[in-house]
Amino acid sequence: FRPWLNDRAHRLARIDAREGRYDKAIERYEGLLRQFGDSPTINLELGNAYFHAGQYDKAEQRFTKLIQLSPAPPKGILSRIGEARIALGNRARALESFEAEYRSNPRDPAACFYLGEDRLTKGQALEAAALLERAAFDPRYGERAMAYLKDIERMVFGDLAEEPAAAPKG
């Protein structure tokens, strides 16, 4: 039984987070941790509140704690850690998280986007395209992924709008 599930503070924390009052949500989630101890769900929700409040270091800590507490961490959690690391400016460690997420969940849009972007910077256009196509349908990455895919198309096929050279007569 998870007593915090029916706790008023938990319901209010969720409402605060949903309505963008992240500081208040964080305060409530931290209180729940003090009252009920560690819980994967509270760590996930607190990590998301920290993330949206721009407290990326604390978000990363909560998401990491969730992995430690959970026998089967939720899909996408390694990508959330990667996104926090990107926001903190630690791209190398972020890519490690995205690689790990991709190995277990190859359809994760965040992992596909950032790994595709990385492959593109390394000149691996076709591998980048395959990854970016998976991210293109996610609203968080769609525009950027499509822009990269157009760049890849130009790299691979050239400018298809140019007139083809006249065939030699003969």
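Salt bridge Glu99/Arg93: absent, no basic N to carboxylate O contact under 4.0 Å.
Note on Phe137 and Phe113: separate hydrophobic clusters, where clusters join Ile, Leu, Val, Met, Phe, Trp and Tyr whose side-chain heavy atoms are under 4.5 Å apart, directly or indirectly. Cluster membership for Leu12 and Tyr22, using ILVMFWY side-chain heavy atoms within less than 4.5 angstrom, is not shared. Under the 4.5 Å side-chain heavy-atom criterion for ILVMFWY residues, no single connected hydrophobic cluster contains both Tyr50 and Leu88.
Judged as a ring-ring contact (aromatic ring centres under 6.0 Å, His included), not a single pair has a partner in residues 70-93 (not counting sequence neighbours).
Residues Leu33 and Ser39 come closest through the heavy atom pair CD2-N, 4.2 Å. The two residues Ala128 and Gly116 make their nearest non-hydrogen contact at CB-O, 3.3 Å. When all heavy atoms are compared, the tightest approach of Ala136 to Ala145 is CA-CB, 3.8 Å. Of all non-hydrogen atoms in Ile26 and Ala49, the two that sit nearest each other are CG1-CB, 3.7 Å. Minimum interatomic distance between Ala94 and Ile86 (heavy atoms only, all atoms of both residues): CB-CG1, 3.6 Å.
Taken to the nearest 0.5 Å, the CD atom of Glu117 stands 9.5 Å off from the CZ atom of Phe98. Expressed to the nearest 0.5 Å, how far CG of Leu69 lies from CG of Asp38 amounts to 5.0 Å. Atom CG of Asp108 sits about 10.5 Å away from atom CD1 of Ile77, to the nearest 0.5 Å. A distance of 10.0 Å separates OG1 in Thr64 from CG in Asn43, rounded to the nearest 0.5 Å. Atom OH of residue Tyr114 and atom CG of residue Leu95 lie 10.0 Å apart, to the nearest 0.5 angstrom. In this structure, OG on Ser97 lies 3.5 Å from CZ on Arg85, to the nearest 0.5 angstrom.
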- Task: Show your working on side chain to side chain contact (heavy atoms under 4.5 Å, CB included) between Asp23 and Asp16 and close with a plain yes or no.
- Result: CA-CA 8 Å; Asp23 290 339; Asp16 287 334; over 6 Å; no
- Tyr56 and Phe51: ring pair (Phe, Tyr, Trp, His ring centres under 6.0 Å), yes or no, with the steps? CA-CA 5 Å; Tyr56 304 112; Phe51 188 90; 5.1 Å; yes
- Query: What do the steps show when you test Arg21 against Ile15 for side chain to side chain contact (heavy atoms under 4.5 Å, CB included), and what is the final call?
  - Reply: CA-CA 8 Å; Arg21 294 186 300 268; Ile15 291 168; 3.8 Å; yes
- salt bridge (Lys or Arg N to Asp or Glu O under 4.0 Å) between Lys150 and Glu153, worked out: CA-CA 5 Å; Lys150 286 180 183 177; Glu153 187 176 287; over 6 Å; no
- Task: Decide yes or no on side chain to side chain contact (heavy atoms under 4.5 Å, CB included) for Arg80 and Asn48, but give the supporting numbers first.
- Result: CA-CA 9 Å; Arg80 289 301 278 171; Asn48 283 330; 3.0 Å; yes
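Residues Asp118 and Leu131 fail the side-chain proximity criterion, which asks for heavy atoms closer than 4.5 Å. Taking the side chain as every heavy atom from C-beta outward, Glu127 and Leu115 never approach each other to under 4.5 Å. Inter-residue side-chain proximity for Gln124 and Leu120 is flagged as unmet; no heavy-atom pair is nearer than 4.5 Å. Two residues are said to be in side-chain contact when any heavy atoms from C-beta on lie closer than 4.5 Å; Arg140 and Glu83 meet this criterion.
Evaluated for a side-chain hydrogen bond (donor to acceptor under 3.5 Å, both in side chains) with Tyr29, the options Arg34, Arg62, His10, Glu45 yield exactly one hit, Glu45.
Residues Arg134 and Tyr102 bring a donor and an acceptor atom of their side chains to less than 3.5 Å of each other.
Not one N or O on the side chain of Ser79 forms a donor-acceptor pair closer than 3.5 Å with the backbone of Gly82. In this structure, the side chain of Glu101 engages the main chain of Leu78 through a donor-acceptor pair within 3.5 Å. In this structure, Ser70 contributes its side chain and Ile67 its backbone to no donor-acceptor pair below 3.5 Å.
The 12-atom threshold is exceeded at CD of Gln68, counting heavy atoms of other residues, nucleotides or ligands nearer than 6.0 Å.
Under the side-chain hydrogen bond (donor to acceptor under 3.5 Å, both in side chains) criterion, Lys24 pairs with Glu27, not counting sequence neighbours.
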